[in-house]
Number of protein chains: 2
Amino acid sequence: MAVDTSLSERKLIILKAIIQNYLETGEPVGSRTLSKYTELNLSSATIRNEMADLEDLGYIFQPHTSAGRIPSDQGYRLYVDMLMEEKEQEITQRENAMLEKADKVEKVLQQAAKVLASNTNYATMVSAPINSRNTLKFIQLSQVDEEQIVAVIVLGGNVIKNKIIEVGETLSNENLLKLNMLLNTTLNGMSIDQITLGLIARLKEQAGIHSEVVEHVLDAVAEIIHVEDDMKIYTSGATNIFKYPELSDKQSAQEIISAFEEKQQLADLVTETLASENSHGIQVYIGHEAPVKTMKDCSVVTATYELGEGMKGTIGIIGPKRMDYEHVMKTLKTLQSELDAIYNKNPKE
Amino acid sequence: MAVDTSLSERKLIILKAIIQNYLETGEPVGSRTLSKYTELNLSSATIRNEMADLEDLGYIFQPHTSAGRIPSDQGYRLYVDMLMEEKEQEITQRENAMLEKADKVEKVLQQAAKVLASNTNYATMVSAPINSRNTLKFIQLSQVDEEQIVAVIVLGGNVIKNKIIEVGETLSNENLLKLNMLLNTTLNGMSIDQITLGLIARLKEQAGIHSEVVEHVLDAVAEIIHVEDDMKIYTSGATNIFKYPELSDKQSAQEIISAFEEKQQLADLVTETLASENSHGIQVYIGHEAPVKTMKDCSVVTATYELGEGMKGTIGIIGPKRMDYEHVMKTLKTLQSELDAIYNKNPKE
DNA sequence: TATTAGCACTCCCTTGTTTTGAGTGCTAAC
DNA sequence: GTTAGCACTCAAAACAAGGGAGTGCTAATA
C-alpha cells in the first residue's frame, strides 16, 4: 500500500494536481489548465506527454477522446495512500466539533452524524456500538401489574434494554425477589455472549421455583439480552449527494438514498469495516472497492471508534469519488476523539 | 365542502374522466382521448367546449397552448370530496395488511410505514402517539452501582421510558424504597400532563428525606416524564417519489427527501393533522393546501389512529397530486383498523 | 339550440445538421 | 528534454425543420 515508486516525482506532482483540480471542479482537467495550475512551469505539451504516460499506467483516463483527464479509482487510491502517509506524522489536534454532551447514546450518535454531514457536505452515517462484548451491569424484574413484568437490563456504557413480559399467572413477590437475586449474582459482570442458552437453562433449575411462569420469564430475559438490536444506524445529509452531479441522476440518487433509508446496506458496510480494520482506524473505499455495489460510483470513508471494553462502532462518510479526502479524514479523526472524550471520561471499572 | 352544484352532471363526468385519465398516464389529456374514454358518446368538439368551461371555472388548465388539460388543485379537491362522499356509505372491510404483531410499539409502527409504502408506491410516514395524555402505570428507581440509579417508567400501551441518573453520593437502600413507594402511590394512574412541577415540589417535601440526592433524583424523574420524546416519526419509501417525474427533478426530490430525513417538517404536518381532525379521520391536502411548503407539488393524505386514552398518532402518505386517492384512502382506513385491532385487544383498564 | 365536422393555428417535441471549442497526439524545431 | 504548431476528434451547444397532438372558431347539421 506504499506509494508506487515507479512514478517519477514529476508524474506524482502532476497526478496530484489533476486530482486536486478535479476534486474542486468536477470537470475533466486538461493540459493547459495544469500548466498554469502547477508550479512546475511546464508547457501544456510536456504535460500532455506525462499525462499520456499516466493514462497508460492506469492512473487517469479520458471520459472520451479529446476530453481532459479524470482520475481513475487507481489514481484516487494512490492519492489517498499518499495522504495517509503524510497525516501519519501530523499531530491530531482537537477541533470544535460542537458535540454536546447528551445522556442518551442515541442522541449523541444522531448528532454526531449531523455534525459530520454539515461539516463535510457529504452523506454520513454512524453505527451504534455492538453490544455482544458488552457486559451486564444490572438486571431487574419488576411487577407492573398482575399480568405484566418489566425487565430492565443495564449494560456497560449505560446502554439500557427493557421489555414488558406478559405472564399468564402472577408471580409471587418472594419469588420475584429470589429471581432478581439469582439473576444479578449470576449474570452480573458477564458479557452478553457469555450468557448462553445453556446458562439460562441452568438458571432455570437453580431457581428452584418450578413453575411455568419462571421458565417463561427466564426465556424472555434471555431473549431481551440476545436480541441483536439490529445494528442501529444513524444517518444524516443523505440529500447532500444531490450536490454532486455525477451521483445525482435519478438512477444513482434513487439507489444511494434508498440505501440510506433501508439501512441494510449500510449495516453491511459497517460489518465489513469492523472486520477489516487497519492501522489508522480509518479506511477508504474508492468506487468498486466498497463492499456494497450501490456505492460503486462513490467513495466511502469510515472510521472506527471504541467505547472501551471492545464496544466498537463505525462512523462513515459517503460522497463522490472526488471527495475532499484530506478534509474528510481530518474531520473523522476529530470526531473519533470527541467520542472518546465523551465516553471514556467516566473511567470504566 | 360538498360537491359544487354549479357544475352540470356532464361537466362532472368529464372532469372525473380527465382526472382519472391523468392519474393513470401523468400526461395532459386531450378532447379526443376523452370522447373515447367516457361513455358519454360525445364528439371531441363538444368535449372541447365543456373543457373550455371547466378551465374558465378553474378546475383544469393547460400547461401550454395546444396541450391537453391537467387538473388544477381545485379540480383535485372537488374530485376528492366526491370520493369522500361515496366512501361514506361503503362498509370498511378488513384486508390483508400483513401487519405482524410485535411487542415493541416502535417496531409495529416502522413496519406499518413499510407496508403502506409497498402497498401504495408512495412515500409514507407514521408518527408515534403522543404521550402527554397517557397515564403512568408504574415507576421504579433501582440502584445500579454506587453512583448510578436507573429509573424505569411504564406508561399505558406499554410505553417504557428510562434513564440513568448519576448521583454524587449513594442513596441508602431504605431511602430508595421509601422513594419508590412514594412515587408509585402518588403518581400511579396519573396522566403525564397532570404531573406538574408543582406536584414534584410537593413530593420533595413529602419524601421527608432532606438531602440533595433526593432532590436531584426527583428532578431527574420529572425530566424523564416530561421530556417530549420529540415526536418519533417512522418513514418508508421516500425514494418512491422518484417514480413520479413531476416530483423527481433535482430540486423537488432534494427538498422532499430532505423533509423525510430531517423529519421536522413531517412533525409539523402531524401536529397540524391532529389539530384539525375531520369526521372521517382522514384528511387530504392537495398541493398548496398542505401546511408545509415543501409539499406544494404533492398531495398528502393523512389518517389519525387512536390507541385509546386519547393517545393519537398519524399515518400519512405523500405522493404526487395525481395520486390514486381512492386506493390510498382505502388502504389508510384498513391500516387504521389494523392498528386498532393490535392495540385495543388488550382491553385497557 | 345543442352537437358536430372541418380547418387554421399554436407550440412542444423530436430529429438532424452545423458550429464551436476544449483538448489531444504527433511532428518538427529549439 | 522541452516546446510551438497544427491537424484531428468529439461532446455539447445552437439552430432548423417537420411532425403531431391539441386547441378555438366557424359553419353546417339534426
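Quick note on labels: first sequence line is chain A, next is B, and so on, each numbered from 1.
Residue A/R10 has a polar side-chain atom (N or O) positioned under 4.0 Å from OP1 or OP2 of D/dT2. The side chain of B/R69 contributes no N or O atom lying less than 4.0 Å from OP1 or OP2 of D/dA21.
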Reading nucleotides 11-16 of chain C from the 5' end, what letters show protein touch, with B for base, S for backbone sugar-phosphate only, - for no heavy atom under 4.0 Å? BS----
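When the P atom of C/dG23 is taken as reference, atom CD of A/E55 falls 15 Å away, rounded to whole Å. Here the P atom of nucleotide C/dA22 and the CD1 atom of A/I70 are 17 Å apart, to the nearest Å. Across the protein-nucleic acid pair, A/L40 atom CG and D/dG1 atom P stand 17 Å apart, rounded to whole Å. Here C/dA2 presents its P atom at 15 Å from CD1 of B/I14, a figure rounded to the nearest Å. C/dG23 atom P lies 12 Å from atom CD1 of A/I18, rounded to whole Å.
Each of A/K296, A/K321, A/R77 was evaluated against A/E289; a single residue qualifies, A/R77, per the salt bridge (charged side-chain N to carboxylate O under 4.0 Å, His left out) test.
Listed candidates were D/dT23, D/dA4, C/dG25. Nearest to the side chain of B/Q62 is D/dT23.
For residues 17-29 of chain A, no pair satisfies salt bridge (charged side-chain N to carboxylate O under 4.0 Å, His left out), with sequence neighbours left out. Residue pairs meeting the salt bridge (charged side-chain N to carboxylate O under 4.0 Å, His left out) criterion with at least one partner in residues 40-57 of chain B, sequence neighbours excluded, are B/R10-B/E50, B/K11-B/E50, B/K11-B/D53, B/E55-B/R69.
Interface residues of residues 44-54 of chain A facing DNA chain D, ordered by number: A/A45, A/T46, A/R48, A/N49; criterion, heavy-atom separation under 4.0 Å. Within residues 22-34 of chain B, no residue has any heavy atom closer than 4.0 Å to DNA chain C.
For B/S236, there are no side-chain hydrogen bond (donor to acceptor under 3.5 Å, both in side chains) partners at least two apart in sequence or on another chain.
Side-chain contact annotation: A/T331 with A/T334, donor-acceptor N/O pair under 3.5 Å absent. Judged by distance alone, the side chains of B/Q283 and B/T273 never bring a donor and an acceptor atom under 3.5 Å apart. If you check the side chains of A/S258 and B/T239, you find a donor sitting under 3.5 Å from an acceptor.
Using the six-membered ring where Trp is involved, A/Y79 and A/Y325 have ring planes that are perpendicular, over 60° apart on the 30 and 60° scheme.
No donor-acceptor pair under 3.5 Å is formed between the side chain of A/T302 and the backbone N or O of A/I315. Under the 3.5 Å distance criterion, the side-chain polar atoms of B/Y122 are matched with a main-chain donor or acceptor of B/D324. Not one N or O on the side chain of B/Q254 forms a donor-acceptor pair closer than 3.5 Å with the backbone of A/K243.
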